[in-house]
Amino acid sequence: MRETTHKIARRRKTGRRHPFATVALIAIGLGLTGGAYAAFNATGSTADAAASSQSDIDAGKKLFQANCASCHGLEAQGTSEAPSLIGVGAAAVDFQVGTGRMPMAMQGPQAQEKPSQFTQDQIDQLAAYVASLAPGPGIPDSKYTDGDGDAAKGAELFRVNCAMCHNVAGAGGALTEGKYAPPLHGVSPTHVYEAMVTGPQNMPVFNDKNISPEGKRDIITYLRFIQQNPSPGGFELGALGPVAEGLFIWIFGLGSIVALTVWITAKSN
Amino acid sequence: MTATTAAETTAKRRSLTAAASEYIDERTSVSVVVKEFGRKIFPDHWSFLLGEVALYSFIVILITGTFLTFFFQASQADVIYHGSWVPLKGIQMSAAMNSTLNISFDVRGGLLVRQIHHWAALLFVASIGLHMLRIFFTGAFRKPRELNWVIGFTLFVLAMAEGFTGYSLPDDLLSGNGLRIIDGLIKGIPVVGTWISFLLFGGEFPGTSIVGRLYTLHILLLPALVVAFIALHLVFVVVHKHTQYAGPGRTQQNVVGYPVLPVYAAKAGGFFFIVFGVLALMASLFTINPIWLYGPYDPSPVSAGTQPDWYIGFADGMLRLMPSHWEFVWLDHTWSLNVFIPVVILVLFLVVVAIYPFIESWVTGDKREHHILDRPRNQATRTAIGAAGVTFYAVMWAAASSDLVATHFKLTMEGVIGALQVLLILGPIIAYFITKRICIGLQKKDRSIALHGYESGRIVKLPGGEFIEVHQPLDEYERWRLVSYETYQPLMLRPDSRGRITFGRRLRAGMSRWFFEDRLEPVTKGELEAGHDHH
C-alpha cells in the first residue's frame, strides 16, 4: 500500500497536474487512509519493539554500514561529506529513507525525493539502530496522524508557518540557490509529521513548543482535506495561482477566441 | 380564397410594422440614425475583431459584476466565518472575505458568476493588449487616429486599474499581499510617499478603510470612465471610418466590406454570445482565484508563489529585477531608489507607448491621412521597435514568475533573475536587429516575387542547351498586395525659416535617418514591365 502511495506521489511530482487530477486525488486519499492505517499499526509495534529488540538494532547497524556509512561514518558520527546522525532519532530516518531522499542519488542543493530503496521493515531496523545511538524524536503516534483533527485550525497554522515556502495550497515553492520546498500532495501523514519534528533539508524544526502535537495533527488534517476534496471551482491549473491563470487565458482563452474570429471572418467557398 | 387571405394577412402585418416604425420615427427621427449608421461599412478581417473581444468581455464583466454587488459587502469589520467551507469555519475574517466566501459557496450560481467575472477580466485586458499590438504593427495609429490611440491606451490603463482594484476586494491573503506591494511602491516615492500611503489607506497599512475605498473606485468611478472612453473610442471609429488592408479596389477614400445592417450587426451580435460562451465554459471548468485556499488577509504570512494577475505582472517583475541594495539614508530620511527606479522605468515605458504616434509622425514629417494599413514587414523600423518593446515587456513579465520558473525548470532563483536582468537590457536590442533584418529580408522576397513571379519548379532546356527555371507570374490581385506600399526617404537636414539649424532639427534628421536608412523602394511600374520582358 505504501508503495502505491509513493508511486502516485512521484508521478504527480514530476508530471505536475494531470487532467485526471480528481481521480488521482481520490485514489491518493483512499490509498493514504488505508496505507496509513496499515503502516501505523506496523510502525507502532516496531517502535515498541525497537526499544527491546536487539536483533533489529543489529540488523539496522548492518544495513547502515552497507548503505549509509560511506558518508555518515561507520558509527554514524558524521564525516566531511555528511552530518552526524547521533541524536536525530527514528523519525529522521523514517522520513529520509522512507521518502527515498536517503541514500542520496547525488550531491546537489538538496536531497530529492525518489522511490524508497528499502522495505518498511528495513527502514524500521535502520531507524531502530539510529535511535539506539542517542535519544531523538521517534515515529509519531498514530493518534496524531489520523487526520481527524480541526481542519480550520490546521489551515491557519499552515498559512502562518508553512505557506511561505510550501504555498498555501501545498503546491511547493522556490528557495534560494536552487533549493526548493517540495509539493505536499501525496506525502503520507507520518512523513509530514516527521518532517515537522526533524526539519529535513532546508526546513526548520517545528518542535512541540512551537506547534503542539495537536496542532501538527490539525495541519495534517487540513492537508488531507485539500487532497481529498477537489477544488470547488473546477480544474486547479496546478494550484499555482495567477501565473497559471495568466498563461491559461493567453494561450487557451485568447487562443480559442482568435481561432473563432478567424472562423467568423473566413470567406465561405 | 386562400390567396386572398394570405394577401390580406401580409398587408395587415406589413401595415402593423409600418405603423409601429412610423410611430417611433415621427417622434424620434430615428430613421436618420439608422440610415446613416446602418449603411456604415466595416471591412472583414479577423484582426479587426480583437477590439470587439475587449468590448464584449467588458459587457460580460458588467453583467456578472452587477450580480456580485448584490452579495458582496465592502467592509473590513471583523466577523467569524460560519459558511460551508470547512477549513475556514470559525476563523475570524473581514466581512468582505466572508461575503466573497458566501458568494462562492452559499449563493446559488455565485462561484460560477465570480469565476466568469474574473476570467472575463483577464480576457478583457489580454484582448486590449492584443488589439493594441495589431494597431501598432499595422500603423493604424497614424493620422487621423493618433488621439484614438491615446484614448485606447487610457482604456488599457483603466482596465489594469479596474483589474487591480477588483483583485484586492475579497481581502484574502493573496490580494492583501498585492496591496502591501502597492503600499511599498507608494512609500518608495521620495518625500510624499508616506503621506500618500497614509491618505490612501486611512492610516498605517492595512487599516480598515481600503476595501471600501477600492470598492467605490471599482464599481463607480472606474467603470464610468471605462464606459465614457469606450463611447469616445467608438465615436472616433465611426468618424474616422475603419482602416483596411491594401488590396485591389481599396483606396484611402473608400472602405470595402459589409454594411452594419444587416450583416455586421448580426455577425457582431453573434460574436458577443460566442465570447460569453467561451468565458462561461472556461469559468465552469477551471478554478480561478481560489480564495478559500488563500484564507483571510493577515499581514504576517506570505505564500510561496504569490503573484499579481497577469496584467500587473510586468510591474511585479520590474521590482524583482531591480538590484536590491540601492537604498541610502540622506537628510535623516531613507531613500528607497530600489523601489522608486522601477516605478520610474514603468511610467516611462507606458508614456513612450502612449505618445508613440506623435513621435513617429514627427520623425516622418508626414501630415497626410492614412486609411490603408501597413504590412508590418514594410515598416521595418517600426516593427523592430515594436518587437523590442514586446521583448522588454515580456522579460519584465517573465520575471514576475521567477520563482515558478526556477522550481519548474530546476534552476536557481538567483540564476533566473540574473539572466533576466541581462535580457532586460540586451533582449530588446537583439530583438530589434533580428526583427529589422527579417523584415528587410521579407521585403526582398516580396520584391523578387513581384518582379519575377513564383519559382514553379519546372526546369526547361532551351534550344541552345541552357537550362532555366520557369517562373510563374503573379496575378494582378496578388501583385497589388506586394507592391502597393510607400516608404519615406530620410529627411534632409535643412535650416529653418530663420536660417538656423537647431538641435531639434538635427535630432529629427538623425531619427529619420535611423528610421528609413535601410529600406527597399516599392517596385515601380517600369521595373515591373522590365521584369515581364525578362521572362
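Chain letters run A, B, ... following the sequence lines, proteins first and then strands; every chain starts at 1.
Looking at A:Glu245, the atoms closer than 4.5 Å to chain B (heavy atoms on both sides) sit in the backbone and in the side chain alike. In this structure, chain A has heavy atoms under 4.5 Å from both the backbone and the side chain of B:Gln307. Heavy atoms of B:Leu404 lying under 4.5 Å from chain A belong exclusively to its side chain. Looking at B:Val86, both its backbone and its side chain come within 4.5 Å of chain A, counting heavy atoms on both sides. Residue contact with chain A, scored on non-hydrogen atoms closer than 4.5 Å, involves the backbone of B:Leu411 exclusively. If you measure heavy-atom distances from B:Phe105 to chain A, the contacts under 4.5 Å come from the side chain alone. B:Val275 touches chain A through backbone and side chain together, each having a heavy atom under 4.5 Å away. Of the atoms belonging to A:Ser256, it is side-chain heavy atoms, and not backbone ones, that fall under 4.5 Å from chain B. For chain B, the nearby part of A:Leu175 is the backbone; its heavy atoms alone come within less than 4.5 Å. Contacts between B:Leu50 and chain A at a heavy-atom distance below 4.5 Å involve the side chain alone, from C-beta outward.
One N or O on the side chain of B:Thr287 and one on the backbone of A:Gly234 form a donor-acceptor pair closer than 3.5 Å. Between the side chain of B:Gln115 and the main chain of A:Gly233, a donor-acceptor pair closer than 3.5 Å is present.
By number of non-hydrogen pairs under 4.5 angstrom with chain A, the leading residue of B:Asp403, B:Leu111, B:Leu285 is B:Leu285. When B:Val302, B:Asp44, B:Leu88 are compared by the number of non-hydrogen pairs under 4.5 Å with chain A, B:Val302 comes out ahead. Ranked by heavy-atom pairs shorter than 4.5 Å toward chain A, the options B:Gly415, B:Pro290, B:Gly313, B:Pro301 are led by B:Pro301. Per-residue counts of heavy-atom pairs under 4.5 Å with chain A were compared for B:Thr407, B:Leu173, B:Ile288, B:Ile274; the largest is that of B:Ile288. Between chain A and the residues B:Trp119, B:Phe271, B:Tyr294, the largest count of heavy-atom pairs under 4.5 Å involves B:Trp119. With chain A as the partner, the residue from B:Met413, B:Lys89, B:Met282 showing the most heavy-atom pairs under 4.5 Å is B:Met282.
Interatomic distance, CD1 of A:Ile249 versus OG of B:Ser57, reported as 8.0 Å (0.5 Å rounding).
Between B:Trp85 and A:Phe225, the ring planes lie perpendicular to each other; the angle is over 60°, past the 30° to 60° tilted range. Ring geometry for A:Trp250 against B:Trp310 counts as perpendicular: the plane angle is over 60°, on a 0 to 90° scale with 30° as the lower cut.
The shortest side-chain heavy-atom distance between A:Pro242 and B:Leu174 falls under the 4.5 Å cut-off. Looking at B:Leu293 and A:Glu236, their side chains come closer than 4.5 Å, going by heavy atoms from C-beta outward.
Of all non-hydrogen atoms in A:Val243 and B:Ser401, the two that sit nearest each other are CG2-CB, 3.6 Å. Residues B:Glu414 and A:Glu177 approach most closely at OE1-N, 2.9 Å, considering heavy atoms. Across A:Val258 and B:Trp46, no two heavy atoms sit closer than the pair CG1-CZ3, 3.7 Å. Heavy atoms only, all atoms of each residue included: B:Ala406 and A:Ala174 are closest at CB-CB, 4.4 Å.
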